[in-house]
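Here is the structure we will look at.
Sequence positions, counted from 1, serve as the residue numbers for this chain. Everything numeric in this text was worked out from a predicted model, so none of it was measured. Both backbone and side-chain heavy atoms feed into the values below; hydrogens, waters and symmetry mates do not.
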Amino acid sequence: MAHQHSSQARLSPSSDTEDISATALLLAPRLAYFAGVARTEHVTRAALEMNVPQSTLSRAMARLEQDLGVDLFARHGRTVSLTPAGRTFLASVERALAEVERAAEEVRADADPATGKVAFGFLHTMGAETVPGLLHAFRADHPRVRFSLVQNYGEAMLERLRAGELDLCLTSPVPDAPDLVARRLDEQKLRLVVPADHRLAGRRRIRLAEAYDETFVTLEPGYGLRRITDDLCREAGFKPRIAFEGEEAETLRGLVAAGLGVALLPPPTVPRPGVVELTVTAPRAAREIGVAWLADRPDTPPVAAFKKFLLSRRGSLLP
């Protein structure tokens with residue numbers, strides 16, 4: 001028997017995100033009920049299988065049809081059968097419910113203490129040696145924890161942290177923001193890197209002010225190391241004359257080796273031919289390395305374990 005539907009209750013078609021969200025909120029609680037009735041073709045049997053009162057299930061189906069403005073079932077006494085509209089709707093509902101179940105399984109797996117996942121960001125300069133060493137040490141006690149690794153510059157990682165795409169990140173400078181928690185872990189000295197045939201290459205130490213007339217190669221604006229370079233040069237009494245801006249420290253070393261400028265850089269993983277690295281005696285040239293995470297966001301067990309591990313490496317993070 002066909003239902004008489006009120007036109008006021010029907011959902012009007014719209015492409016607006018707000019309307020789509022309203023539609024989803026209205027229909028979602030009844031989709032599993034609909035799939036159960038469609039599978040059994042019997043309201044009483046479906047109610048028993050889903051452990052809900054038959055009256056609740058009947059009202060939910062009637063309201064679903066009312067909200068959609070179409071008949072999903074043909075009624076035959078105590079049994080029902082899908083209408084053509086019902087079959088079309090069921091195919092999409094089953095896909096949606098399967099996707100919800102898949103998502104639920106995924107988030108449960110990611111939160112598993114033994115086999116869960118940590119989304120971990122870090123600076124490019126930490127990718128060759130520091131991070132692999134950290135992960136090797138952590139997995140000695142957590143051998144099945146999985147990692148999603150992201151290398152990027154500091155500001156970009158903090159954006160991804162705020163967007164929920166990262167759980168933790170190693171960055172520099174250590175951020176100071178009300179929505180973040182950050183802890184200093186270690187310090188990395190910076191050196192003035194010059195070409196092997198440079199006039200200063202015979203020196204072991206240098207005051208940064210002595211490089212005031214040099215051409216610099218640096219990372220692009222927005223990188224933490226670029227900000228530190230600008231600040232140190234300002235403290236030394238000059239503004240650096242910049243010829244090249246890059247995205248990766250080892251690329252800058254290559255530019256220095258090619259005679260295209262000098263650079264303030266952290267120590268390399270392995271010595272680079274064609275350059276000499278000078279200790280900067282003044283001003284104090286170093287960058288702090290810290291770990292940051294989003295404030296007030298609960299940790300899954302694997303994230304909590306890795307965070308505790310990183311904090312335990314305070315003062316011994318860098319090789």
Side-chain angles (χ1 to χ4, degrees), residues 122-131 133-134 153-155 170-176 182-292 313-319:
F122 52 92
L123 301 168
H124 289 284
T125 51
M126 319 213 86
E129 189 173 3
T130 300
V131 168
L134 289 172
Y153 64 98
E155 288 301 321
L170 288 181
T171 188
S172 178
V174 180
D176 181 12
R183 297 288 183 266
R184 181 186 183 277
L185 295 180
D186 215 333
E187 182 180 89
Q188 192 172 46
K189 291 186 177 180
L190 303 179
R191 300 168 177 173
L192 184 69
V193 185
V194 302
D197 59 356
H198 192 273
R199 63 181 179 86
L200 297 172
R203 303 269 297 273
R204 295 181 60 188
R205 296 176 176 81
I206 188 172
R207 291 179 293 108
L208 189 56
E210 297 178 69
Y212 76 94
D213 59 348
E214 297 290 338
T215 298
F216 278 73
V217 297
T218 71
L219 296 178
E220 294 177 349
Y223 283 70
L225 188 56
R226 168 61 180 272
R227 192 189 320 162
I228 293 170
T229 296
D230 290 344
D231 290 345
L232 287 173
C233 289
R234 188 181 305 112
E235 191 175 345
F238 68 96
K239 181 178 180 179
R241 186 171 70 252
I242 297 171
F244 296 93
E245 295 175 331
E247 296 181 343
E248 208 276 321
E250 287 311 302
T251 299
L252 299 187
R253 260 193 186 81
L255 295 175
V256 173
L260 298 174
V262 302
L264 279 167
L265 295 173
T269 303
V270 294
R272 175 70 183 253
V275 300
V276 173
E277 310 216 357
L278 309 178
T279 299
V280 178
T281 58
R284 189 171 183 275
R287 66 172 180 172
E288 290 186 336
I289 306 295
V291 59
R313 307 285 290 204
R314 188 179 288 113
S316 61
L317 180 79
L318 303 173

**Study point:** side-chain contact (heavy atoms from CB on, under 4.5 Å) assessment of Val262 paired with Leu200
**Key:** CA-CA 10 Å; Val262 302; Leu200 297 172; over 6 Å; no
Practice item. Work out which heavy atom in Pro195 is nearest to a heavy atom in Gly261; give both atom names and the distance. Key: CD-O, 3.8 Å
Exercise for review: State which residues pass side-chain contact (heavy atoms from CB on, under 4.5 Å) with Ala257; sequence neighbours excluded, sorted by chain then number.
Suggested key: Val275
Check your understanding: Does any pair with a residue in residues 221-243 pass ring-ring contact (aromatic ring centres under 6.0 Å, His included), and if so which ones, sequence neighbours excluded?
Key -> Tyr153-Tyr223
Review point. Measuring from Glu245:CD to Leu255:CG, what's the distance to the nearest 0.5 Å?
Key: 11.5 Å
**Study point:** Partner residues of Arg205 under the side-chain contact (heavy atoms from CB on, under 4.5 Å) criterion, sequence neighbours left out
**Key:** Thr279, Thr281
**Study point:** side-chain contact (heavy atoms from CB on, under 4.5 Å) partners of Ala286, counting only residues at least two apart
**Key:** Glu187, Arg284
**Study point:** Test side chain to side chain donor-acceptor pair (under 3.5 Å) applied to Arg203 - qualifying residues, sequence neighbours left out
**Key:** Glu210
Point to revise | Any pair counted as salt bridge (Lys or Arg N to Asp or Glu O under 4.0 Å), so long as it reaches residues 257-281, sequence neighbours left out | key: Arg191-Glu277, Arg253-Glu277
Review point. Is Arg287 close to Leu190 at the side-chain level, that is, under 4.5 Å between some pair of heavy atoms?
Key: yes
Practice item. Give the minimum heavy-atom separation between Ala196 and Val276, together with the two atoms involved. Key: CA-CG2, 4.1 Å
**Study point:** Atom pair CZ (Arg227) and CG (Leu232), whose distance is rounded to the nearest 0.5 Å
**Key:** 12.5 Å
Revision key, fill the gap. Salt bridge (charged side-chain N to carboxylate O under 4.0 Å, His left out) with Asp213: of Arg241, Lys239, Arg199, only one passes, and it is Arg199
Point to revise | Reported CD1-to-CG distance for the pair Ile289 and Asp186, which is rounded to 0.5 angstrom | key: 8.0 Å
Check your understanding: How long is the gap from CD on Glu248 to NE2 on His124, to the nearest 0.5 Å?
Key -> 7.0 Å
Exercise for review: Could you tell me the separation between the CG atom of Leu208 and the CG atom of Leu264, rounded to the nearest 0.5 Å?
Suggested key: 5.5 Å
Exercise for review: Output, in order, the C-alpha distance, side-chain angles, deciding distance and verdict of side-chain contact (heavy atoms from CB on, under 4.5 Å) for Phe216 and Leu192.
Suggested key: CA-CA 10 Å; Phe216 278 73; Leu192 184 69; 4.2 Å; yes
Check your understanding: Which residues pass the salt bridge (charged side-chain N to carboxylate O under 4.0 Å, His left out) test with Arg234, sequence neighbours left out?
Key -> Asp231
Practice item. Please identify each residue that fulfils salt bridge (charged side-chain N to carboxylate O under 4.0 Å, His left out) with Asp197, with sequence neighbours left out. Key: none
Check your understanding: How close do Ala201 and Val194 get, heavy atom to heavy atom, and via which atoms?
Key -> CA-CG2, 4.1 Å
Practice item. For Ser172, check side chain to side chain donor-acceptor pair (under 3.5 Å) against everything at least two apart and list the hits. Key: none
Exercise for review: State which residues pass side-chain contact (heavy atoms from CB on, under 4.5 Å) with Glu129; sequence neighbours excluded, sorted by chain then number.
Suggested key: Thr269, Pro319
Point to revise | CG on Leu185 to CG on Leu317, rounded to 0.5 Å | key: 5.5 Å
Point to revise | Shortest non-hydrogen separation from Leu318 to Gln188 and the atoms involved | key: CD1-CB, 3.7 Å
Practice item. Please name all residues satisfying side chain to side chain donor-acceptor pair (under 3.5 Å) with Glu235, sequence neighbours left out, ordered by chain then number. Key: none
Check your understanding: Can you check whether Asp230 reaches Pro221 side chain to side chain, under 4.5 Å on heavy atoms?
Key -> no
Practice item. Return the set of residues passing side chain to side chain donor-acceptor pair (under 3.5 Å) with Thr218 (not counting sequence neighbours), or none when no residue passes. Key: Arg226
Review point. Passes side-chain contact (heavy atoms from CB on, under 4.5 Å), Leu170 versus Leu134? Steps please.
Key: CA-CA 11 Å; Leu170 288 181; Leu134 289 172; 4.0 Å; yes
Point to revise | Closest contact, heavy atoms only, Ala243 versus Thr215 | key: CB-CG2, 3.2 Å
Check your understanding: Any side-chain heavy atom of Glu250 within less than 4.5 Å of one from Pro268?
Key -> yes
